[in-house]
Undergrad: 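There's a structure below that I have some questions on.
Values reported hereafter were calculated over all heavy atoms of this structure, with side chains retained and with hydrogens, waters and symmetry mates removed.
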Amino acid sequence: MALTDRGRDRLAAAGLCVGLVLAYNSNGREIGSYDTQATKFAARELLLRGTLSLNHVGGKTPEYATRWGFILAADGNYRSIYSPVPAIFAAAITWPLWQ
């Protein structure tokens with residue numbers, strides 16, 4: 001079965017995507033930025049406790065509450081300063097593996 005030009009382009013794009021994912025994740029560590037911590041923990045809290053507040057994270061490790069990305073909201077709960085949409089998507093993707 002011969003590939004068309006469009007099929008070869010798609011195959012090349014998929015190969016490039018897989019290659020980049022492997023290259024960026026080759027060391028097995030996440031990107032060293034504090035920006036990602038609040039969203040990561042918000043997704044985890046959503047799976048564990050059904051909430052996007054970060055009170056348990058800040059209570060267990062108080063240093064997290066002082067990092068960039070964590071904020072004390074008007075209702076007294078620690079939250080991420082970023083949109084909750086990425087945390088919800090991350091929790092939705094992880095949920096089938098969590099069960």
Side-chain angles (χ1 to χ4, degrees):
M1 183 168 119
L3 288 175
T4 62
D5 287 340
R6 191 175 199 175
R8 278 192 295 269
D9 289 345
R10 287 184 179 178
L11 187 61
L16 180 63
C17 181
V18 168
L20 287 173
V21 167
L22 290 174
Y24 285 134
N25 293 305
S26 62
N27 66 359
R29 296 181 301 191
E30 66 183 84
I31 296 171
S33 171
Y34 295 120
D35 292 352
T36 61
Q37 299 298 316
T39 303
K40 175 181 75 173
F41 286 127
R44 181 178 173 271
E45 289 298 307
L46 187 58
L47 286 171
L48 283 175
R49 295 180 180 84
T51 182
L52 289 170
S53 71
L54 300 170
N55 293 338
H56 291 284
V57 175
K60 186 174 181 183
T61 310
E63 294 82 23
Y64 280 132
T66 63
R67 285 185 173 183
W68 175 255
F70 291 77
I71 192 166
L72 184 60
D75 62 0
N77 292 319
Y78 282 97
R79 300 196 186 279
S80 171
I81 64 170
Y82 299 108
S83 169
V85 175
I88 293 169
F89 281 150
I93 291 168
T94 308
W95 181 75
L97 303 172
W98 197 269
Q99 299 298 320

Undergrad: Indicate every side-chain donor-acceptor pair of residues 44-59 with a distance under 3.5 Å to a residue at least two apart or in another chain.
TA:
from  : atom 1 : to    : atom 2 : distance (Å)
Glu45 : OE1    : Arg49 : NH1    : 2.8
Glu45 : OE2    : Arg49 : NH1    : 2.9
Arg49 : NE     : His56 : NE2    : 3.3
Thr51 : OG1    : Ser53 : N      : 3.2
Thr51 : OG1    : Ser53 : OG     : 3.3
Asn55 : OD1    : Tyr78 : N      : 2.8
Asn55 : ND2    : Asn77 : OD1    : 2.5

Undergrad: Not counting sequence neighbours, list each pair that qualifies as a salt bridge (Lys or Arg N to Asp or Glu O under 4.0 Å) and has a residue in residues 12-23.
TA: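 Applying salt bridge (Lys or Arg N to Asp or Glu O under 4.0 Å) to every pair that reaches into residues 12-23, excluding sequence neighbours, yields nothing.
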Undergrad: Closest approach of Ala43 and Ala87, non-hydrogen atoms and distance?
TA: CB-O, 3.4 Å
Undergrad: I'd like to check the side chain to side chain contact (heavy atoms under 4.5 Å, CB included) partners of Val85; sequence neighbours left out, ordered by chain and number.
TA: Ser83, Phe89
Undergrad: For Tyr64 and Phe70, take the angle between the two ring planes, folded into 0 to 90°, and tell me which bin it lands in: parallel under 30, tilted 30 to 60, perpendicular over 60.
TA: parallel
Undergrad: Output the distance between atom CZ (Arg67) and atom CZ (Phe41), rounded to the nearest 0.5 Å.
TA: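 Interatomic distance, Arg67 CZ to Phe41 CZ, rounded to 0.5 Å: 7.5 Å.
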Undergrad: With a 4.5 Å cut-off on side-chain heavy-atom distances among I, L, V, M, F, W and Y, is there a chain of contacts connecting Trp95 to Ile88?
TA: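 Trp95 does not cluster with Ile88.
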Undergrad: Salt bridge (Lys or Arg N to Asp or Glu O under 4.0 Å): which pairs involve residues 69-95, sequence neighbours left out?
TA: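 Residue pairs with at least one partner in residues 69-95: Asp75-Arg79.
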Undergrad: Output yes when Arg6 and Asp9 qualify as a salt bridge under the 4.0 Å nitrogen-oxygen rule, no when they do not.
TA: no
Undergrad: Other members of the hydrophobic cluster containing Val21, with the 4.5 Å side-chain heavy-atom rule, please.
TA: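 Besides Val21, the hydrophobic cluster comprises nothing; the residue is isolated.
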Undergrad: Tell me which pairs pass salt bridge (Lys or Arg N to Asp or Glu O under 4.0 Å) where either residue lies in residues 12-21, with sequence neighbours left out.
TA: none
